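This one's a predicted model, so the numbers in the text were calculated from it and none came from an experiment. In the text below, chain A, chain B and the rest are named by the order of the sequence lines, each starting its count at 1.
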Protein chains: 2
Amino acid sequence: MEKQPYSLHNNIRLIRRGKADITQEKLADKVGCTRQTIAALEKGVYNPSLVLAMRIAKVLQVEIVDLFKLQKTN
Amino acid sequence: MEKQPYSLHNNIRLIRRGKADITQEKLADKVGCTRQTIAALEKGVYNPSLVLAMRIAKVLQVEIVDLFKLQKTN
DNA sequence: ACATAATGTAAGAAATACATTACATTAACA
DNA sequence: TGTTAATGTAATGTATTTCTTACATTATGT
């Protein structure tokens with residue numbers, strides 16, 4: 001995988017605080033990862049594994065497509 | 001992320017050979033990864049990054065949800 | 001103002017994705 | 001049958017994800 005030409009946007013925070021209304025920690029628990037991982041993802045620090053992304057989508061009850069958007073950067 | 005309780009199934013090969021009708025190498029080229037990575041994914045060797053999964057789905061013109069399925073193993 | 005919950009963030013270790021190189025096996029086809 | 005294309009697969013290295021631990025900052029509520 002190339003490093004540059006694709007950036008990933010997500011609205012985890014939006015949905016977590018909106019319809020889900022849970023804390024980072026609670027989300028992390030339900031998903032089975034750490035709070036720091038959730039925080040980093042919300043911040044867009046990295047490109048999660050597919051399984052992690054799917055589990056987050058499931059917990060938040062949204063489609064993965066609605067949670068993450070891929071965009072070309074050039 | 002835990003190692004055990006979720007396994008990932010995919011039908012990359014099915015779709016690649018079916019409606020897409022391209023080789024592993026061609027798919028890899030279009031996606032921007034190596035042939036070995038495609039081969040490993042088809043074999044289910046690992047859990048791809050979300051971006052890689054999305055790009056494969058895009059090239060194969062399917063929804064990511066139709067390409068990969070998550071299943072609990074216990 | 002104080003206590004506690006929620007979040008930000010960073011350093012280092014551990015795990016694992018992905019690339020590279022290389023060679024072997026199988027499929028397709030002249 | 002021989003040649004090439006397609007695929008299998010392994011070893012090793014690099015990059016990146018994720019966890020762990022830890023502490024700081026900000027929000028919330030009394």
Are side-chain heavy atoms of I56(A) and I64(A) found at a separation under 4.5 Å?
no

Counting just side-chain N and O atoms, does Q36(A) come under 4.0 Å of either OP1 or OP2 of dT7(C)?
no

Can you check the L50(B) CG to dT16(D) C1' distance for me, whole Å?
14 Å

Grab the CG-C1' distance between L41(A) and dT16(D) for me, whole Å please.
13 Å

Atom CG of L8(B) to atom C1' of dT16(C): distance rounded to whole Å?
14 Å

The side chain of R13(B) is closest to which nucleotide in this list: dT7(D), dA17(C), dT20(C)?
dT7(D)

Could you state the CZ-C1' distance from R17(B) to dT7(D), rounded to the nearest angstrom?
8 Å

Taking NZ, NE, NH1 and NH2 as the nitrogens, is one of them in E25(B) or R35(B) under 4.0 Å from a carboxylate oxygen of the other?
no

Compare side-chain N and O positions of K43(B) against OP1 and OP2 of dT9(D) and report whether any pair is under 4.0 Å apart.
yes

Kindly indicate whether the side chain of L70(B), heavy atoms from C-beta on, has any atom under 4.5 Å from the side chain of L50(A).
no

Atom CD1 of I38(A) and atom C1' of dA5(C) are separated, to the nearest Å, by 18 Å

Full working for side-chain hydrogen bond (donor to acceptor under 3.5 Å, both in side chains) between Q36(B) and Q24(B):
CA-CA 8 Å; Q36(B) 284 76 354; Q24(B) 288 182 343; over 6 Å; no

Would you say R16(B) places a side-chain N or O within less than 4.0 Å of OP1 or OP2 belonging to dT7(D)?
yes

In whole angstrom, what separates I22(A)'s CD1 from dT7(C)'s C1'?
15 Å

Considering only side-chain heavy atoms of S49(A), which listed nucleotide, dT18(D), dA6(C), dT9(D), is closest?
dT18(D)

Between R35(B) and R35(A), which has a closest nucleotide on DNA chain C that is more 5'?
R35(A)

To the nearest Å, give me how far apart CD (Q24(A)) and P (dT9(C)) are.
11 Å

For the side chain of L52(B), counting heavy atoms from C-beta on, which of dT9(D), dT9(C), dC18(C) is nearest?
dC18(C)

Considering only side-chain heavy atoms of T23(A), which listed nucleotide, dA6(C), dA17(C), dG8(D), is closest?
dA6(C)

Which nucleotide in dT9(C), dC18(C), dT9(D) has an atom nearest any side-chain atom of A39(A)
dT9(C)

Given dG8(D), dA19(C), dT9(C), the nucleotide with the shortest approach to the side chain of T37(B)
dA19(C)

Do H9(A) and F68(A) have side-chain heavy atoms sitting under 4.5 Å apart?
no

Protein-nucleotide distance (E42(A), atom CD; dT17(D), atom C1'), rounded to Å
17 Å

